[in-house]
Number of protein chains: 2
Amino acid sequence: MSELASDNATGPAFVRSPVKITDVAIAAGVAPMTVSRVINTPDRVSPETTAKVRAAIDRLGYVPNLIAGGLSSRKSRLVAAIVPTIAHPMFAGLVQAFSDSMRQAGYQVILSISGYENNDDESLFRALLGRRPDALLITGSGYSPGALEMLIEAHIPVVEIWDVSSRPIDMLIGFDHAQVGAEVATFLRTKGHNRFAMLAAQDSRALARARGFRDAVTRMGGELVLEQVMPAPSTIGAGREGMRALMPFLNEPCAVFCSSDMLAFGAVTEARVQGVPVPEHLAICGFGNLELSELNEPPITTVSLEGVGTGRTAAAFLLRRLAGEGRRDEDRVQVPFRIVERATT
Amino acid sequence: MSELASDNATGPAFVRSPVKITDVAIAAGVAPMTVSRVINTPDRVSPETTAKVRAAIDRLGYVPNLIAGGLSSRKSRLVAAIVPTIAHPMFAGLVQAFSDSMRQAGYQVILSISGYENNDDESLFRALLGRRPDALLITGSGYSPGALEMLIEAHIPVVEIWDVSSRPIDMLIGFDHAQVGAEVATFLRTKGHNRFAMLAAQDSRALARARGFRDAVTRMGGELVLEQVMPAPSTIGAGREGMRALMPFLNEPCAVFCSSDMLAFGAVTEARVQGVPVPEHLAICGFGNLELSELNEPPITTVSLEGVGTGRTAAAFLLRRLAGEGRRDEDRVQVPFRIVERATT
DNA sequence: CTGAAAGCGCTAACAC
DNA sequence: GTGTTAGCGCTTTCAG
């Protein structure tokens, strides 16, 4: 920790981390190229040379400059990921699983948290694509044509997650949010409900679920007594508030679909406070299957989605393509979702 | 979903995006350096030239290669961040605030989710430092000496968050976890409690809080009836389980400190299920001040911490140093924490 | 199995 | 205000 004090003292006390591949090469008595091979393709170097070079690397504390390597090889070993938030456990799990998988394959993830409105998406994409990532994961739809054009021009594998609606750029892992809403409506109908309500966050996917729910309710001849939209991202507080807005309509039994488990938890809690019997008088269904829903008392009925599985699949898709394989039809998959029935319906 | 079948099926399907600074320069009739200046220091270029160059950039869809720029300028405009998890809302908020602040200043964040055991931290650091980040944010202690040595050798600003215990490398934003435990013990004591219990996750900081709690309880002459350690990261399920483990000791009133709000929520819920009166017979205090605690019924007493504020402060510290300013004593700050008293104590 | 030469795309430093 | 020259630290390519 102190032998470095005897640095090549070429002037003022300024120590640029100086160890580069040529330093290692000199120390090991080989060519720089050989050092490079020891690091990247060890099987093409003789054991003795490898040993010498390794020793020099350790001795000097050499950390290869991946920027220089990336420029030269035109491979950055970087993947960019864009998600609207990581505050939501679903996305947190997805990002975590995705970056674990990518890291195991030797890639690093640059994460961009875009928020729910993608204004200025072009400058975000420019900043990301400027790093020349080898691949890209993006969440859902709603990007400007110019931004999408940039993605296409980048000529790298792209996987879109979370939404199957719009025309996909390349690979896709998602589901039809309207269909989720419709299936929840059907489910609640079979439980004997006729009066329905919706609590939805102000975000395009949540609103798609709301639309699917509304349409199905209408189709089934049910009554939608309230459709309450609240600011994204969903919070427990919004759920409690939404529940209070619903109170005036609870003269008769009702079933409410919340666009996220956060909202549902808030609604269940507020119902308990207000003394509304759940599920007898009010049925509540959430979306996302957070631990919170499973382990609350009462446990909350919800739609289960597997954020972690999506992250892993997204990584697998990209890695396949990074390994040189071509496009195929199976690269557009529907994430299965299912309604998990618990005590609130 | 099928119109994409008519893709550019050009054999090897390999089209390198070719637009580089020289292409733009030729198109605009200027030198490459002028294009570079238009992008990086626009005020040093005449308005007419700027207009010409901008037009060429837009027309060609030029996206500057930051890898090449970084190699040349020795500035990557990248900062690396290491956190144990983003599944915990505290870290999620911290990361989000940190990357927002950094992005506004023109930096991008490479996020590494390290998990709670930092084995193989050297290879993690090597992968990160290989990108030559301009600065680094790391969480807490427990890294190997070799890994820390690498950080120091990198000669970049480093901010450590979340833990003030060990010898800091450079800047620091955190608090003394043992002190938190001690203050919670004191607080519960003033509420009239004599019998205490601790539910802690198996992670070094949570255990430090537990130790502080235990020591303070002993010092005050109280009785610690149970100290239950569960696997990290904390979950609601673990809280419910911990509560069940505590049941046999509830022949008399008791006060329990949970190392996270997740555990506390689980404990409160399980207590409700088991019919234990809270706070009359059992007082519960959490840690983290999640929305969950505030808006649960009953609202949960907890320790409030400001993950978001920490992220912002960390960014501000790094940006100050990146702007060329030197070290100062104020770069070691204690994050204030406070006990938020609610209905469970 | 190892090395030498050339260059990845950009910017620092210095001309003009 | 703009252009020229010379690299940044690595890997590709080709030669031995």
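Only this structure's heavy atoms are used, side chains among them; waters, hydrogens and symmetry mates stay out. In what follows, every chain begins at residue 1, and chains take the letters A, B, ... in the order their sequences are listed.
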Under the 3.5 angstrom rule, does the side chain of A:Ser101 hit a backbone N or O of A:Arg312 as a donor-acceptor pair?
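Side chain of A:Ser101 to backbone of A:Arg312: no pair is present.
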Within the distance-only criterion (no hydrogens, no angle test), does the side chain of A:Ser73 pair as donor or acceptor with the backbone N or O of A:Gly69 below 3.5 angstrom?
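Checked: pair present.
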Send over the distance from [X] [atom1] to [N] [atom2], rounded to a whole Å.
{"X": "B:Lys75", "N": "C:dC10", "atom1": "NZ", "atom2": "P", "result": "18 Å"}
{"X": "A:Arg132", "N": "C:dG9", "atom1": "CZ", "atom2": "P", "result": "9 Å"}
{"X": "B:Lys20", "N": "C:dT11", "atom1": "NZ", "atom2": "P", "result": "14 Å"}
{"X": "B:Lys52", "N": "D:dT2", "atom1": "NZ", "atom2": "C1'", "result": "10 Å"}
{"X": "B:Arg77", "N": "C:dT11", "atom1": "CZ", "atom2": "P", "result": "12 Å"}
{"X": "A:Leu66", "N": "C:dC8", "atom1": "CG", "atom2": "C1'", "result": "15 Å"}
{"X": "B:Met33", "N": "C:dA12", "atom1": "CE", "atom2": "C1'", "result": "7 Å"}
{"X": "A:Ile26", "N": "C:dG3", "atom1": "CD1", "atom2": "C1'", "result": "15 Å"}

Pairing donors with acceptors under 3.5 angstrom, does anything connect the side chains of A:Arg77 and A:Gln108?
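Short answer, no.
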When you check the side-chain N and O atoms of B:Thr310 and B:Thr313, is any donor under 3.5 Å from an acceptor?
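Not at all, the side chains of B:Thr310 and B:Thr313 share no donor-acceptor pair under 3.5 Å.
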Nearest to the side chain of [X], which nucleotide is it out of [options]?
{"X": "B:Asn65", "options": "D:dG3, D:dT11, C:dC10", "answer": "C:dC10"}
{"X": "B:Ile21", "options": "D:dG9, D:dT12, C:dT11", "answer": "C:dT11"}
{"X": "A:Asn40", "options": "D:dT4, D:dT11, C:dA4", "answer": "D:dT11"}
{"X": "A:Leu71", "options": "D:dG9, D:dT2, C:dA4", "answer": "D:dG9"}

Do [X] side-chain and [N] base share a donor-acceptor contact under 3.5 Å?
{"X": "B:Ser72", "N": "D:dG7", "result": "yes"}
{"X": "A:Arg37", "N": "C:dG3", "result": "yes"}
{"X": "B:Thr49", "N": "D:dG1", "result": "no"}

Carboxylate-amine/guanidinium proximity below 4.0 Å for B:Asp23 and B:Lys20:
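Salt bridge flag = no for B:Lys20 with B:Asp23.
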Under a 4.0 Å threshold between the charged nitrogen and the carboxylate oxygen, would A:Asp170 count as salt-bridged to A:Arg321?
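A salt bridge links A:Arg321 with A:Asp170.
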Does [X] make a side-chain N or O approach to OP1 or OP2 of [N] shorter than 4.0 Å?
{"X": "B:Thr34", "N": "D:dT2", "result": "no"}
{"X": "A:Tyr62", "N": "D:dC10", "result": "yes"}
{"X": "A:Ser46", "N": "C:dT2", "result": "yes"}
{"X": "A:Arg74", "N": "C:dG9", "result": "yes"}

Return whichever of B:Glu48 or B:Ser73 has its heavy-atom-nearest nucleotide of DNA chain D closer to the 5' end.
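Whichever sits nearer the 5' end wins; that is B:Glu48.
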For A:Ala68, which contact category applies under a 4.0 Å heavy-atom criterion: base, sugar-phosphate, or nothing?
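Counting heavy atoms under 4.0 Å across all strands, the contact made by A:Ala68 includes a base.
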